[in-house]
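Because the structure is predicted, anything quoted here is derived from the model rather than measured.
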Amino acid sequence: MRIWLAPILALCLSGCLQLGGGTSPVPVLREAELAGGNVVLRPPSGYCVDAGSVVNRAQGGFALIGSCASLSGDTSGVFVEPAIITISASPIGEGGVSTDSRDFQQALGRGRILRAINREGLALLQVEGGSTVPPKADPRHWRGLMTVGDTVLGLALYGAPDSAMVSDRGMRFMLDLVEAIRRDSPAR
């Protein structure tokens, strides 16, 4: 999955994180399903799912979220801070998954950890650097790991250099997104 994830992020970030202009509009969704419908994504107001990014398999999947205006080109909606959020879903293997931030830090194994938050089955890290930071993004970004039923979700949030999304606003966004996924997913 990493082979094609980096080019997708680079392309999206080049358009979505620019304040003026952008790439060609793409179809957007206000809701998407992963893991055969067991995980439901409903981004916060002003953010949409890139319809072309959604992969919904019986036991996994992938989706990319960005500002609706950046993705669709429609600037008449709610203004939000530009960001790219990725969500990947995989089945939980034998032995389960630890959502303790210390275990997640070790598994991540790259970048410098700036903050670590453990909250009700969620490991959320603010990371600086690492091999997955796309071009034109701030080296600081958020990474999350959580379970929904028998599915493990990996989340990442990348923002423009020095934007509020790479600090506290990004943390609040991730916590709100996690809460919405838990509330809306039948597999919770």
Side-chain angles (χ1 to χ4, degrees), residues 1-13 16 26-44 47-68 71 83-111 113 116-127 130-134 137 141-158 170-171 173-188:
M1 182 182 289
R2 283 189 187 179
I3 293 171
W4 56 269
L5 182 58
I8 288 174
L9 287 174
L11 177 66
C12 291
L13 282 167
C16 294
V26 298
V28 296
L29 304 169
R30 289 293 305 137
E31 178 180 313
E33 296 179 349
L34 302 177
N38 289 322
V39 175
V40 176
L41 307 176
R42 286 191 186 113
Y47 292 91
C48 293
V49 177
D50 174 349
S53 75
V54 177
V55 176
N56 182 10
R57 296 186 313 264
Q59 295 187 1
F62 177 83
L64 186 140
I65 297 171
S67 79
C68 298
L71 291 172
I84 295 295
I85 301 90
T86 62
I87 301 165
S88 59
S90 303
I92 296 175
E94 286 186 35
V97 169
S98 173
T99 56
D100 181 82
S101 66
R102 291 179 303 262
D103 295 336
F104 187 33
Q105 288 176 40
Q106 287 183 318
L108 198 56
R110 57 188 173 263
I113 307 302
I117 300 163
N118 284 309
R119 187 177 285 179
E120 300 167 10
L122 167 71
L124 185 62
L125 303 176
Q126 184 185 35
V127 181
S131 61
T132 61
V133 178
H141 58 283
W142 290 95
R143 302 291 302 254
L145 185 69
M146 65 182 284
T147 58
V148 177
D150 61 355
T151 303
V152 62
L153 297 181
L155 303 99
L157 182 151
Y158 304 96
M171 178 187 66
F173 179 95
M174 293 289 270
L175 293 173
D176 289 346
L177 181 61
V178 164
E179 182 180 314
I181 290 169
R182 286 182 175 151
R183 178 190 66 231
D184 298 336
S185 297
R188 65 176 181 230

query = Applying salt bridge (charged side-chain N to carboxylate O under 4.0 Å, His left out), which residue pairs with at least one partner in residues 28-40 are found, sequence neighbours left out?
reply = E31-R42
ask   = Which heavy atom in L145 sits nearest to a heavy atom in L155, and how many Å separate them?
value = N-CD1, 4.4 Å
request  = Can you see which heavy atom on C48 is nearest to which on L71, and at what distance?
outcome  = O-CD1, 3.6 Å
remark   = In this structure, CD of Q59 is separated from CG of L34 (nearest 0.5 Å) by 13.5 Å
query = Hey, are the side chains of F173 and W142 touching, using non-hydrogen atoms and a 4.5 Å cut-off?
reply = no
query = Quick one: CD1 on I85 to CG on L157, what's the gap to the nearest 0.5 Å?
reply = 4.5 Å
ask   = Any sub-3.5 Å donor-acceptor pair from N118's side-chain atoms to A123's backbone N or O?
value = no
note = Tightest non-hydrogen contact, residues Y158 and A137, listed as CB-CB, 4.3 Å
key: Side-chain (S185) to main-chain (V40) donor-acceptor, under 3.5 angstrom   = yes
remark   = CD1 (I87) and CD1 (I181) are apart, to the nearest 0.5 Å, by 4.5 Å
note = Correct closest heavy-atom pair for V54 and A32 would be CG2-CB, 4.1 Å
message = To the nearest 0.5 Å, what is the distance between CZ on R143 and CD on Q126?
response = 13.5 Å
task = State, to 0.1 Å, how close N38 and P186 come at their nearest heavy-atom pair, and which atoms those are.
result = O-CD, 3.7 Å
ask   = If you round to the nearest 0.5 Å, how far is CD1 of I117 from CG of L124?
value = 4.5 Å
task = Among V178, V39, L122, T147, find the one that has a side chain to side chain contact (heavy atoms under 4.5 Å, CB included) with L153.
result = V39
message = Using only atom types and a distance under 3.5 Å, with no angle test, would you say the side chain of D50 pairs donor to acceptor with the backbone of A63?
response = no
Spacing of CG belonging to L29 relative to SG belonging to C68, to within rounding of 0.5 Å = 10.0 Å
message = Can you give me the closest heavy-atom contact between V49 and P43, atom names plus distance?
response = CG2-CG, 3.7 Å
